[in-house]
Amino acid sequence: MSFDPSVVRKDFPIFETEARGKRLVYLDSANTSQKPRQVLERIQLFYETENANVHRAVYELSEKATAAYEGARAACARFIGSESARSIVFTRGTTESINVIRFTWARENVREGDEVLITEMEHHSNLIPWQLLAGETGATLRHLPIGDDGRLRLDLLEDYITDRTKLVSLSLMSNVLGTINPVRAVADAAHAVGAKVLVDAAQAAPHLSFDVNDLDADFLAYSSHKMCGPTGAGVLYGREELLEEMPPFHGGGEMIREVWADRATWNEIPYKFEAGTPNLAQAVGMGAAVEYLETLGMDAVREHEMELTAYALERLAGIGATIYGSRDLSQRGGVVSFNLDGVHPHDMSTIVDQEGVCIRAGHHCAQPLMRRLGVPATARASFYIYNTTEDVDVLIDAVEKSKGWFA
Ligand code: 7TS
């Protein structure tokens, strides 16, 4: 049931452009993905035929805009196995979704002496909000260690999840190591002590099929722009009963039910968390991205990326690269961090750019993880539906050239 990536590639206008006069080899999808025509055309259609503000007017055009916006919400719910669209809050992306929890649920539920547990492999957007919360509340932030294989030390879970733990926030897939984390096992341990679980699915949502009920997530965050959708849109999933209890985030229009001069009551969920005019076209575009991925089939997406990752790992090992993270394909996705002896990743990235190859170099917004790995930076290639084995070959040739520069 797999698809042909060279056919998929044709859906993406960007691949009609060149990079440095060469075929564009885009290997930075963990950073942001490219956008298919189906999504771009859906956004255009919204502005051309449906554009009005949502939920506020009774005229037909506003009804059309509202239907498009709420249709996207239903698609985003279906995509992660949420039975109810009421659980889906539209945000600007994963970072904002995590910060919503910091400013709402966490402020009400995390006190001095409590603990928030994250892991050693988190992106800064699932680290800094909790550092700030800890600073404000006197709570303690703890980090579940990883082993040398780039996987979570589940054997230490008992020491790290205690009766003081109020929140466990972890990524489903690492943006550096590609590790797919056993979220359900962590969630079971967290729930056993009454803690809540927030899943950062920024890297998982574009690449893996998962279900919030199977994960037993209380909250889950993902971004549109990494999964073929536009920037400026994302999702915060929350269990309905938790969203109901939580105070609002931003105050303003749309999030209220009734307002007096000195007080107000709140709208029903999810609107209680969507103050002001939302990013309408972006949300609609995100819905179109979900439909695009559903048409390809998330199992086929995963299968394609496993094949490509296997090939890339083999070829990188063949040129003597150090690869960070597990080699076990069942435990990892298509984000491959690596280094070559004697070549700084930034130099490598600059040199491969001359061959039309886009890779990321640096700390990947995960500085504590870099310290744990004992490196200041890595190069990182990340794969998606439009990448081919030819892209990997171009990457390897280009990386080999960078070796030559420093020989
Ligand atoms: N969490 C993870 C695991 C991520 O990989 C990222 C972005 C974020 C959160 C933040 O998402 P945003 O959409 O709110 O920005 N990761 C990366 C990356 O790996 N390279 O650039 C951005």
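For the single chain, residues carry numbers from 1 onward in sequence order. A quick note: this is a predicted structure, and the numbers were derived from the prediction, not measured. Note that ligands are numbered from 1 as they come in the structure, with each ligand's atoms numbered from 1 the same way.
Residues Ala65 and Ala52 come closest through the heavy atom pair CB-O, 3.4 Å.
Phe90 has its ring centre less than 6.0 Å from the ring centre of Tyr69. Side-chain rings of Tyr386 and Phe12 approach one another, their centers coming within less than 6.0 Å. A distance below 6.0 Å separates the ring centres of Tyr384 and His207.
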Pairs under 3.5 angstrom, nitrogen or oxygen on both sides, ligand 1 versus protein: list them out, please.
from     : atom 1 : to     : atom 2 : distance (Å)
ligand 1 : 1 (N)  : Asp200 : OD1    : 3.2
ligand 1 : 1 (N)  : Asp200 : OD2    : 2.5
ligand 1 : 5 (O)  : Gln203 : NE2    : 2.6
ligand 1 : 13 (O) : Ser223 : OG     : 2.6
ligand 1 : 13 (O) : His225 : NE2    : 2.7
ligand 1 : 14 (O) : Thr95  : N      : 2.9
ligand 1 : 14 (O) : Thr95  : OG1    : 2.6
ligand 1 : 16 (N) : His123 : NE2    : 3.3
ligand 1 : 16 (N) : Lys226 : NZ     : 2.9
ligand 1 : 19 (O) : Asn175 : ND2    : 2.9
ligand 1 : 19 (O) : Arg380 : NH1    : 2.7
ligand 1 : 19 (O) : Arg380 : NH2    : 3.4
ligand 1 : 20 (N) : Arg360 : NH1    : 2.6
ligand 1 : 20 (N) : Arg380 : NH2    : 3.2
ligand 1 : 21 (O) : Asn31  : OD1    : 2.9
ligand 1 : 21 (O) : Arg360 : NH1    : 2.9

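Remark: Arg142 qualifies as a cation-pi partner of Tyr160 under the 6.0 Å distance and 45° angle criteria applied to the six-membered ring.
Under the rule for a side-chain contact (heavy atoms from CB on, under 4.5 Å), the partners of Glu244 that lie at least two apart in sequence or sit in another chain are Arg86, Ile269.
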